[in-house]
J.: 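One structure is given below, represented as structure tokens, and several questions about it will come after.
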Amino acid sequence: MPGTTPIKHFLQFSDFTRDEFEYVIKRAAIIKRKFKAYEVYHPLVDRTLMMVFEKSSTRTRLSFEAGMHQLGGAAIYLNTRDSQLGRGEPVEDAGQVMSRMCDIIMVRTFGQDIIERFAAHSRVPVINGLTNEHHPCQVLADVFTFWEHRGSIAGKTVAWIGDANNMLYSWLQAAEVFGFHLNVSTPKGYELDPSLVSTSRYTLFDNPSDACAGAHLVNTDVWTSMGYEKENAERLKAFDGFIVDEDKMARAASDALFMHCLPAHRGEEVSAGVIDGPQSVVWDEAENRLHVQKALIEYLLLGRIEDN
């Protein structure tokens, strides 16, 4: 019965232990192998995922919706503009009602406080599909992608070039969980908020090229994230020189990978030669959202499974 055991949510990267992540990564590899072999795998028959979107999406909706269908379950898309949430229904009430009609909920919204309040009143697991402060599913996919190509990320150096956004804050939590180091270079005026940082596993660099030196993974994001479009012209000036280009990648480790959560703007935050070049794994990274989220949903609903 609901309420007899604590509900496990995934609202930010630090919600899971390293052991839990290593299990999910292992399961993602198994589930991906089944998918590639066209092996039917339906552990979630008659289970329903509710997807609540307050922000628009391509990869998040597609990966969660397709993933739930591939696991044998059903996915329901709900845009807050078309629901009572868009008319002022309290988040707490929405959490109560929605969680009585489905088995698991993904929420993509603005403030982290919104999803925290929603989850506090939910009878089923809640997954953060993106908030202003965190993007844990994307970083989980990135860690899995690195593991596929280079093995464990523990002890490695990851360079972050760009503003202090939700991706960076999730990367900082991942650094603490997995034991790697972040080289962070942000433009003036777009620095880290110390209240959102709970690790010392990072070094700040004024020069983005210096941050790339020796890195095993170089990561960036669009300069103008969703919701900040009015700042675009101002940001283009502030971010001048922060493009991840061939010169910056040349300063990274010889076998360094390049990642970008997409969508990308070639010629702004990344050069075409880098994102379309041999060190880029952005397409594997995008696909792996599907596989790690399937493993995450399976874990939250069924717990640990011994299956090869």
J.: Quick one: salt bridge (Lys or Arg N to Asp or Glu O under 4.0 Å) partners of D221, sequence neighbours excluded?
T.: none
J.: Got F110 and E54 here, is their nearest side-chain heavy-atom distance under 4.5 Å?
T.: yes
J.: Can you confirm whether L11 sits close enough to Q112 that some side-chain heavy atom of one is under 4.5 Å from a side-chain heavy atom of the other?
T.: yes
J.: Could you walk me through whether R47 and I104 pass the side chain to side chain contact (heavy atoms under 4.5 Å, CB included) test, one step at a time?
T.: CA-CA 8 Å; R47 301 293 186 101; I104 189 166; over 6 Å; no
J.: Provide the closest heavy-atom pair for T48 versus D103 in the form atom of the first, atom of the second, distance.
T.: N-OD2, 2.7 Å
J.: Kindly write out the residues that satisfy salt bridge (Lys or Arg N to Asp or Glu O under 4.0 Å) with R61, not counting sequence neighbours, or none if the list is empty.
T.: E65
J.: Nearest heavy-atom pair of E285 and T145: which atoms, and what distance?
T.: CA-OG1, 3.5 Å
J.: Any side-chain heavy atom of W160 within less than 4.5 Å of one from Y202?
T.: no
J.: Enumerate the ring-ring contact (aromatic ring centres under 6.0 Å, His included) contacts for residues 247-295, please, sequence neighbours excluded, ordered by first and then second residue.
T.: F35-H291
J.: Restricting to side chain to side chain donor-acceptor pair (under 3.5 Å), what partner residues turn up for K237, sequence neighbours left out?
T.: none
J.: Do any side-chain atoms of residues 67-75 form donor-acceptor pairs under 3.5 angstrom with protein atoms, and if so which ones, sequence neighbours left out?
T.:
residue	atom	partner	partner atom	Å
Q70	OE1	K294	NZ	2.7

J.: Which heavy-atom pair separates I305 from Y23 by the least distance, and what is that distance?
T.: N-OH, 2.6 Å
J.: Please report the closest heavy-atom contact between S170 and V139, naming both atoms and the distance.
T.: CB-CG2, 3.5 Å
J.: Are F64 and Q293 close enough that some pair of their side-chain heavy atoms sits under 4.5 Å apart?
T.: yes
J.: Which distance, rounded to the nearest 0.5 Å, do you find between the CD1 of I243 and the OG of S209?
T.: 12.5 Å
J.: Going through the checks in order, is the side chain to side chain contact (heavy atoms under 4.5 Å, CB included) test met by S99 and I105?
T.: CA-CA 7 Å; S99 64; I105 302 172; 4.1 Å; yes
J.: According to the interplanar angle, ranging from 0 to 90°, do the rings of F21 and F178 count as parallel (below 30°), tilted (30 to 60°) or perpendicular (above 60°)?
T.: tilted
J.: Evaluate the side chain to side chain contact (heavy atoms under 4.5 Å, CB included) criterion for residues H121 and V91: first the C-alpha distance (whole Å), next the side-chain angles of each, then the deciding distance (0.1 Å), finally the verdict.
T.: CA-CA 9 Å; H121 291 80; V91 171; over 6 Å; no
J.: State the CD1-CE distance between I275 and M249, to the nearest 0.5 angstrom.
T.: 11.5 Å
J.: Please examine the side chains of F180 and H216, heavy atoms only from C-beta on, and report whether any two atoms are closer than 4.5 Å.
T.: no
J.: What are the two closest non-hydrogen atoms of L262 and V282, and how far apart are they?
T.: CD1-O, 4.2 Å
J.: Salt bridge (Lys or Arg N to Asp or Glu O under 4.0 Å) with E92: which residues, sequence neighbours excluded?
T.: R117
J.: Count I, L, V, M, F, W, Y as connected when their side-chain heavy atoms are under 4.5 Å apart, and connections chain through other members. Are L49 and F10 then in the same cluster?
T.: yes
J.: Using atom types as modelled and distance alone, determine if a side-chain donor or acceptor of S63 lies under 3.5 Å from a backbone N or O of R59.
T.: yes
J.: For Q12 and H134, indicate whether the former's side chain and the latter's backbone hold a donor-acceptor pair under 3.5 Å.
T.: no
J.: Check this for me: does any side-chain nitrogen of one of K36 and E287 sit under 4.0 Å from a carboxylate oxygen of the other?
T.: yes
J.: Salt-bridge test for K8 and D15: reply yes if a basic N is under 4.0 Å from a carboxylate O, no otherwise.
T.: no
J.: Quickly, which of N128, T131, L296, N166 forms a side chain to side chain contact (heavy atoms under 4.5 Å, CB included) with P136? Name it, please.
T.: N128
J.: Looking at CG of N79 and CE of M51, how far apart are the two atoms once the value is rounded to the nearest 0.5 Å?
T.: 11.0 Å
J.: Is there a path of hydrophobic side-chain contacts, each under 4.5 Å between heavy atoms, that joins M106 and L78?
T.: no
J.: Any chain of hydrophobic side-chain contacts (each under 4.5 Å) joining V177 to L217?
T.: yes
J.: Would you confirm whether T220, through its side chain, and I161, through its main-chain N or O, come within 3.5 Å as a donor-acceptor pair?
T.: yes
J.: Measure from the side-chain N and O atoms of R108 to the backbone N and O of S56, and report whether any donor-acceptor pair falls under 3.5 Å.
T.: yes
J.: Taking C-beta and beyond as the side chain, do R235 and D163 meet within less than 4.5 Å on heavy atoms?
T.: yes
J.: Any chance you could measure Y169, atom OH, to N132, atom CG, to the nearest 0.5 Å?
T.: 11.5 Å
J.: Apply the hydrophobic cluster definition, ILVMFWY joined by side-chain contacts under 4.5 Å directly or through others, and give me every member besides L130.
T.: none
J.: Taking D276's backbone N and O only, do any of them form a donor-acceptor pair with S280's side chain (distance below 3.5 Å, no angle check)?
T.: no
J.: Any donor-acceptor pair under 3.5 Å linking the side chain of N165 with the backbone of L168?
T.: yes
J.: Can you list every side-chain hydrogen bond (donor to acceptor under 3.5 Å, both in side chains) pair that touches residues 182-193, not counting sequence neighbours?
T.: D193-S195
J.: OG/S198 to CD/Q173 distance, rounded to the nearest 0.5 angstrom?
T.: 5.5 Å
J.: Evaluate the side chain to side chain contact (heavy atoms under 4.5 Å, CB included) criterion for residues L172 and L192: first the C-alpha distance (whole Å), next the side-chain angles of each, then the deciding distance (0.1 Å), finally the verdict.
T.: CA-CA 11 Å; L172 286 162; L192 285 169; 3.6 Å; yes
J.: Without placing hydrogens or testing angles, list every side-chain donor-acceptor pair under 3.5 Å for residues 147-155, not counting sequence neighbours.
T.:
residue	atom	partner	partner atom	Å
E148	OE1	K32	NZ	3.2
E148	OE1	N288	ND2	2.9
E148	OE2	K32	NZ	2.8
H149	NE2	D284	OD2	2.9
R150	NE	D255	O	2.9
R150	NH2	D255	O	3.0
S152	OG	A154	N	3.1

J.: With side chains defined as the heavy atoms from C-beta onward, is the minimum distance between V274 and Q279 less than 4.5 Å?
T.: no
J.: Does a salt bridge link E22 with K26, judged by any charged N lying under 4.0 Å from a carboxylate O?
T.: no
J.: Going only through I, L, V, M, F, W and Y residues with side-chain contacts under 4.5 Å, is there a path from V107 to L140?
T.: no
J.: Taking all atoms of both residues into account, what is the closest heavy-atom pair of E176 and S200, and its distance?
T.: OE1-N, 4.4 Å
J.: Would you say the side chain of T109 lies within less than 4.5 Å of the side chain of V52, judging by non-hydrogen atoms?
T.: no
J.: Residues two or more places apart in sequence or in another chain: which of them pass side chain to side chain donor-acceptor pair (under 3.5 Å) with D19?
T.: R304
J.: With F53, which residues qualify under ring pair (Phe, Tyr, Trp, His ring centres under 6.0 Å), at least two apart?
T.: Y77
J.: By salt bridge (Lys or Arg N to Asp or Glu O under 4.0 Å), which residues pair with D93, not counting sequence neighbours?
T.: none
J.: Starting from L204, can I reach V197 by hopping between I/L/V/M/F/W/Y residues whose side chains sit under 4.5 Å apart?
T.: yes
J.: Hey, what do you get for CZ (R27) to CD1 (I297), rounding to the nearest 0.5 Å?
T.: 13.0 Å
